[in-house]
Amino acid sequence: MADLVGLRLYSCCNCRNHVSLHDDIVSKAFQGRNGRAFLFSHAMNVVVGQKEDRHLLTGLHTVADISCADCREVLGWKYERAYEASQKYKEGKFILEKSKIVKENW
């Protein structure tokens, strides 16, 4: 925790558990279930759920919902597999919905 002092973070909107670093944002141009979402290269303090295939705006993907490790609020999902070559860059990355996270240390 001490190594996060001074860093710009995103936290769970429900319990303020730290879930990602601002520096890990890949893109802010994503759509979640409830509006805008950010694509992150890493997430922390989250629980990854069961994998399932979903038809998203950019095609078929295998994804797993991610929840806050403390309060279990669903925050977004992890891309496990992209079936189209142009979408492979998403694999292993995380979607966090803007409405489910709050800024810390800004």
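Just so you know, these numbers come straight off a predicted model, no measurement behind them. Just so you know, these numbers use all the heavy atoms, side chains as well, and skip hydrogens, waters and symmetry mates.
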Do the side chains of Val46 and Tyr10 join up, straight or via other hydrophobic residues, at under 4.5 Å, putting them in one cluster?
->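 Shared cluster, yes.
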
Indicate, with yes or no, if Val48 and Phe38 share a hydrophobic cluster defined by side-chain heavy-atom contacts under 4.5 Å among Ile, Leu, Val, Met, Phe, Trp and Tyr.
->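 Looking at the clustering, Val48 is in the same group as Phe38.
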
Pair [X] + [Y], salt bridge at N-O below 4.0 Å:
X	Y	result
Glu104	Arg8	no
Glu73	Lys100	yes
Asp24	Lys93	no

Heavy-atom side-chain proximity of Asn105 to His22 below 4.5 angstrom |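 With C-beta onward as the side chain, the pair stays apart.
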
How many angstroms lie between [atom1] in [X] and [atom2] in [Y], if you round to the nearest 0.5 Å?
X	Y	atom1	atom2	answer
Arg16	Ser11	CZ	OG	7.0 Å
Trp77	Asp65	CH2	CG	8.5 Å
Arg36	Ile95	CZ	CD1	11.5 Å
Cys13	Ile101	SG	CD1	9.0 Å
Leu56	Gln87	CG	CD	9.5 Å
Lys78	Thr62	NZ	OG1	12.5 Å

Closest contact, heavy atoms only, [X] versus [Y]:
X	Y	result
Cys15	Asp70	SG-CB, 3.9 Å
Ala37	Gly32	CB-N, 3.7 Å
Ala64	Gly49	CB-O, 3.4 Å
Ser67	Val74	OG-CG2, 3.7 Å
Val102	Cys12	CG2-O, 4.0 Å

Under 3.5 Å, is there a donor-acceptor pair linking the side chains of Lys90 and Thr58?
->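 Result is yes, a qualifying pair exists.
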
Criterion side-chain contact (heavy atoms from CB on, under 4.5 Å) on Arg81 and His61, from CA distance to verdict | CA-CA 6 Å; Arg81 181 175 178 203; His61 296 79; over 6 Å; no

Within the side chain of [X], is there an N or O that forms a donor-acceptor pair under 3.5 Å with the backbone of [Y]?
X	Y	value
Asn45	Val19	no
Glu97	Asn34	yes
Ser41	Val26	no
His42	Phe40	no

Apply side-chain contact (heavy atoms from CB on, under 4.5 Å) to Val63 and Glu80, showing your working.
-> CA-CA 5 Å; Val63 299; Glu80 297 288 352; 5.9 Å; no

Can the ring centroids of Phe94 and Tyr79 be said to lie less than 6.0 angstrom from one another?
->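 No, they do not, as the ring centres are separated by 6.0 Å or more.
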
CA sep, side-chain torsions, deciding dist, call: Leu39, Ile25, side-chain contact (heavy atoms from CB on, under 4.5 Å) = CA-CA 6 Å; Leu39 182 68; Ile25 291 178; over 6 Å; no

Heavy-atom neighbours of Lys51 NZ exceed 12 at 6.0 Å |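 No.
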
What's the verdict on side-chain contact (heavy atoms from CB on, under 4.5 Å) for Leu96 and Ile66, showing C-alpha distance, side-chain angles and the deciding distance?
-> CA-CA 9 Å; Leu96 293 173; Ile66 56 171; 3.6 Å; yes

